[in-house]
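The next block holds one structure in the form of structure tokens; read it before the comments.
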Amino acid sequence: MDKLTYELRNICKQNKDGSFATQADRQTQLRLISTQLKALGYRNMGARSLRTNHVKALVDNWLNGTDNTQMRVTTGTIKNRMAVLRWWAEKVNKQNVIPRTNKELDIPDRKRLPEENKAFTLSHRQIAALPPHLQLSARLQQEFGLRREEAAKFIPRKAIDEDKINILSTWAKGGRARSIPITTRAQRALLEDLKSVNQNASMIPPTYNYREYLAHRTHFFDKAQISNSHGLRHQYAQNRYMALTGGLLPPRMGGKRPSELSPREQAIDLKARLLISQELGHNREEITRVYLG
């Protein structure tokens, strides 16, 4: 292991900001950045060696694929990597080496189709391709709109209530505990299947720590061609919207925009969005635009 990768790994161990998933993703990104810097000719770097020219070289490489070490990546991915670079700079007290805005590095604004729908439902083939514990985790994401970490840390005895499931603060992003109602047959069938597992254990096999579990999960999800399980959360939100509004389609599915709704429909729309926001673990209605349009 080279000096930069070693020092960045130690910085990650000493600064456990964010969820376990965030920490694991950050360490993966920093390892990639370290490899790319080396390929770009910057050798024998340490964590405190970070300079503006390193940042510019990385960004140029991401934007243009200039040295064949990295294919051109999306604007969203570049912005995510810039957040990791800024985290690194902050930890070594070198914030000033990175321009304050991405525009100063010629990083374009993120382009996204205004009504792009990322929602999807797992096929029987995809579910069957997963090991049993990952099947349950994926179905928890699909049927209750859980995040990846929440589905992994789900402990049946602590979570399942008579007419709802409870997401503990230690499982949830931002420590926001919440309850999600049990309203469908598919949810009941899943909870029935969960009776076959250890009621006092999470969906993470006892032989794995969380970081190892994420790598294990990614391997099998890739094999099952499940590229982004967050789309299951989008599908949950859209299904709940239709159920709560009596059949109105959300804009993401081709339904009316809020401005096109009648006053009565607007009231129903707002009430549904507020409830869905709470069930997804958010505290503001505006976030539902990501899922519903």
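In what follows, every heavy atom counts, from backbone to side chain, and hydrogens, waters and symmetry copies are set aside.
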Q: With sequence neighbours excluded, tell me which residues meet side chain to side chain contact (heavy atoms under 4.5 Å, CB included) with Thr5.
A: Met1, Asp2, Arg31, Ser34
Would you check if the side chain of [X] reaches a backbone N or O of [Y] as a donor-acceptor pair within less than 3.5 Å?
{"X": "Arg148", "Y": "Ser229", "result": "no"}
{"X": "Asn15", "Y": "Ile11", "result": "yes"}
{"X": "Trp171", "Y": "Phe154", "result": "no"}
{"X": "Arg233", "Y": "Gly145", "result": "yes"}
{"X": "Arg26", "Y": "Asp17", "result": "yes"}
{"X": "Arg48", "Y": "Val92", "result": "yes"}
{"X": "Gln199", "Y": "Val197", "result": "yes"}
{"X": "Thr52", "Y": "Val97", "result": "yes"}
{"X": "Gln27", "Y": "Ala24", "result": "no"}
{"X": "Gln135", "Y": "Leu130", "result": "yes"}

List the atom of [X], the atom of [Y], and the distance in Å for their closest heavy-atom pair.
{"X": "Ala47", "Y": "Trp88", "value": "O-NE1, 2.9 Å"}
{"X": "Thr121", "Y": "Gln126", "value": "O-OE1, 4.2 Å"}
{"X": "Leu244", "Y": "Ala272", "value": "CB-CB, 3.9 Å"}
{"X": "Ser137", "Y": "Ala152", "value": "OG-N, 4.0 Å"}

Identify whether the distance between the nearest side-chain nitrogen and carboxylate oxygen of [X] and [Y] falls below 4.0 Å.
{"X": "Glu150", "Y": "Arg147", "answer": "yes"}
{"X": "Arg139", "Y": "Asp193", "answer": "yes"}
{"X": "Arg100", "Y": "Glu104", "answer": "no"}

Q | Audit row: Arg252, His234, side chain to side chain contact (heavy atoms under 4.5 Å, CB included) steps and yes/no | A | CA-CA 10 Å; Arg252 280 281 184 269; His234 286 244; 5.7 Å; no
Q: Any chance you could lay out the side chain to side chain contact (heavy atoms under 4.5 Å, CB included) test for Leu134 and Tyr213, step after step, and finish with the verdict?
A: CA-CA 10 Å; Leu134 288 178; Tyr213 166 81; 3.6 Å; yes
Would you say the side-chain atoms of [X] and [Y] include a donor-acceptor pair closer than 3.5 Å?
{"X": "Asn200", "Y": "Arg157", "value": "yes"}
{"X": "Tyr210", "Y": "Gln23", "value": "no"}
{"X": "Gln238", "Y": "Asn117", "value": "yes"}

**Q.** Sole candidate of Gln141, Gln142, Gln235 that passes side-chain contact (heavy atoms from CB on, under 4.5 Å) when paired with Leu122
**A.**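 Only one option passes, and that is Gln142.
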Q) Under 30°, 30 to 60°, or over 60°: which ring-plane class applies to Tyr42 and His54, parallel, tilted or perpendicular? A) perpendicular
